[in-house]
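Below, chains carry the letters A, B, ... as their sequence lines are ordered, and counting in each starts from 1. As the structure is a computational prediction, the values presented were derived from the model and not from experiment. FYI, side chains are in, hydrogens and waters are out, and symmetry mates aren't considered; it's all heavy atoms of this structure.
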Protein chains: 2
Amino acid sequence: MDKRELILKAALILFNTYGFESTPTARITKEAGVATGTLFNYFKSKEELINVLYLTCKESLTRHLSLGLEQETTFRSKLKKIYINYIGWSLDHTDEFLFFQQFCNASCIGETTRKEGLSKFNNIIELIAEGIEQEIIKNVNLDYMSNLLMSILNANTYYFIDNPSLAANDAFLETSFSFLWDSIKK
Amino acid sequence: MDKRELILKAALILFNTYGFESTPTARITKEAGVATGTLFNYFKSKEELINVLYLTCKESLTRHLSLGLEQETTFRSKLKKIYINYIGWSLDHTDEFLFFQQFCNASCIGETTRKEGLSKFNNIIELIAEGIEQEIIKNVNLDYMSNLLMSILNANTYYFIDNPSLAANDAFLETSFSFLWDSIKK
DNA sequence: ATGCAAAATGACTAAACGGTCAATATTATT
DNA sequence: AATAATATTGACCGTTTAGTCATTTTGCAT
């Protein structure tokens, strides 16, 4: 297997478990089964490594979020599709989801990386803006609405990760979505 | 001023800004204006320092949450009182609130400390349980409901911290509370 | 087989860290 | 004023860290 991939995979799990500063590069390379120097052949520094990891995760997530979105017709069904996609991706990529939660606001992630990551959510922000304009959801500041949505979404996702069997339960999926929808609908 | 207090105060801000691992004890003592050894006279280790900080913050918060709660009669008004108290405390103790958000799940906080901290929320959890029993709010798992509530509460609090002038606006306070209430009410 | 470029290695280094402790300063007691 | 008790200090130490680089191994073209 590609040694770069092995390093990224080991780093993902170790960063999740011990945090960025408490994970020595020597530990990462040991876990990946490569020499200490190899990490620095592929990444300029430990910081570059975690930034690459961050963007890789975010790309994987955003790619999945829009899947099948064009088939939905109403605002609610579009939002629910994104909701289902988000939870589905998180269950399939638990380590990536948890990494993301832990490091999305960490100072080891550079400002450039963070901005690049945020831009990938633009189409979803636009959808929310439409919902406000069409008076389907409450009329508040777009930033406020986005952050609130993400908070509820993440809270629900954590619950599905702790109880993965529930994800196959359409009734509970709808119930959990109702917490989000009832909160924002007009 | 008490040197112990100076150390706690400096640590709070530095941990917020740079994180636990990226804040050398030497930096804390320098900022506090005391010698490096002084920190270890008051705290056995850097870890004990952050655990004390955690419990201090949590105590201050929970003391304020129940203020005036006995005067409220309905479930909704009780919850709103807690809501207002939480946001009020967070605005008055922004550093403590942010510290809390960053470190409530961090591994540097010991299991004992975390459990001690959680127990302080017991009366609020009980209130939520009553709301479920009395069929005022949706009937779901108590843990799920608690986590969801905290998520919405924190999302709203962040917004008030970014826009402190809104906290004096009763209409917006009610609007923001409606995001929480509409989400959970039956 | 041979030569060669690219990839991988791990012993090594300079810097930074948490924590110690003997010495010093401050405060309280008589 | 003398003494004892307590609080404070910062030079110092052993350990750990990210990152380097001369050397070795690998894979491929001829």
Visitor: For C/dG18 and B/T25 - does any side-chain N or O of the residue sit under 4.0 Å from the phosphate oxygens OP1/OP2?
Guide: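 Yes, because at least one side-chain N or O of B/T25 sits under 4.0 Å from OP1 or OP2 of C/dG18.
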Visitor: Can you get from B/L142 to B/I137 by hopping between Ile, Leu, Val, Met, Phe, Trp and Tyr side chains that sit under 4.5 Å apart?
Guide: yes
Visitor: Round to a whole Å and report the spacing from CZ of B/F40 to C1' of C/dG18.
Guide: 5 Å
Visitor: When you check the phosphate oxygens OP1 and OP2 of C/dT9, does a side-chain N or O of A/T38 lie under 4.0 Å from one of them?
Guide: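 Yes, such a contact exists.
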Visitor: To the nearest Å, give me how far apart CD (B/E5) and C1' (D/dA7) are.
Guide: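 Result: 17 Å.
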Visitor: Write down the distance between CG (A/L39) and P (C/dA7), rounded to a whole number of angstrom.
Guide: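 Going from A/L39 (CG) to C/dA7 (P), I get 16 Å.
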Visitor: Angle class for the B/F99/B/F103 ring planes (parallel below 30°, perpendicular above 60°, tilted otherwise)?
Guide: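 Answer is tilted, since the angle falls between 30° and 60°.
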Visitor: When the ring planes of A/F172 and A/Y159 are compared, do they come out parallel, tilted or perpendicular, using 30° and 60° as the limits?
Guide: tilted
Visitor: Between D/dT9, D/dT17, C/dG18, spot the one nearest the side chain of A/P24, thanks.
Guide: D/dT17
Visitor: If you check the A/K46 side chain, which of D/dT9, D/dG19, C/dG10 turns out closest?
Guide: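 Within the option list, the nearest is D/dG19.
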Visitor: What's the CZ-P distance between B/F15 and C/dG18, to the nearest Å?
Guide: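 Distance, rounded to whole Å: 9 Å.
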Visitor: What about B/L65 and B/L67, same hydrophobic cluster or not, with Ile/Leu/Val/Met/Phe/Trp/Tyr joined at side-chain heavy-atom distances under 4.5 Å?
Guide: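 No, no single cluster joins them.
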Visitor: Between B/Y18 (OH) and C/dA16 (P), how many Å, whole number?
Guide: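 In whole Å, C/dA16 P lies 16 Å from B/Y18 OH.
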Visitor: Would one find a side-chain N or O of A/Y42 under 4.0 angstrom from OP1 or OP2 of C/dA7?
Guide: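 No.
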Visitor: Let me know the distance between CG of B/L6 and C1' of D/dT9, rounded to the nearest Å.
Guide: 16 Å
Visitor: So is B/K58 actually on top of B/F100's ring, under 6.0 Å and inside 45° of the axis?
Guide: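 B/K58 over B/F100 ring: no.
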Visitor: Classify the nucleic acid contact of B/T23 as base, sugar-phosphate or nothing, counting any heavy atom under 4.0 Å across all strands shown.
Guide: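 Sugar-phosphate contact only.
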Visitor: Quick one: A/K30 NZ to D/dT17 P, roughly how many Å, whole number?
Guide: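 Rounding to the nearest Å, NZ of A/K30 and P of D/dT17 are 12 Å apart.
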Visitor: How close or far is atom P of C/dA7 from atom CD1 of A/I7, stated in whole angstroms?
Guide: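 Interatomic distance, CD1 of A/I7 to P of C/dA7: 13 Å.
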Visitor: C/dT9, OP1 or OP2 - any side-chain N/O from A/K3 closer than 4.0 Å?
Guide: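 Affirmative; the distance criterion is met.
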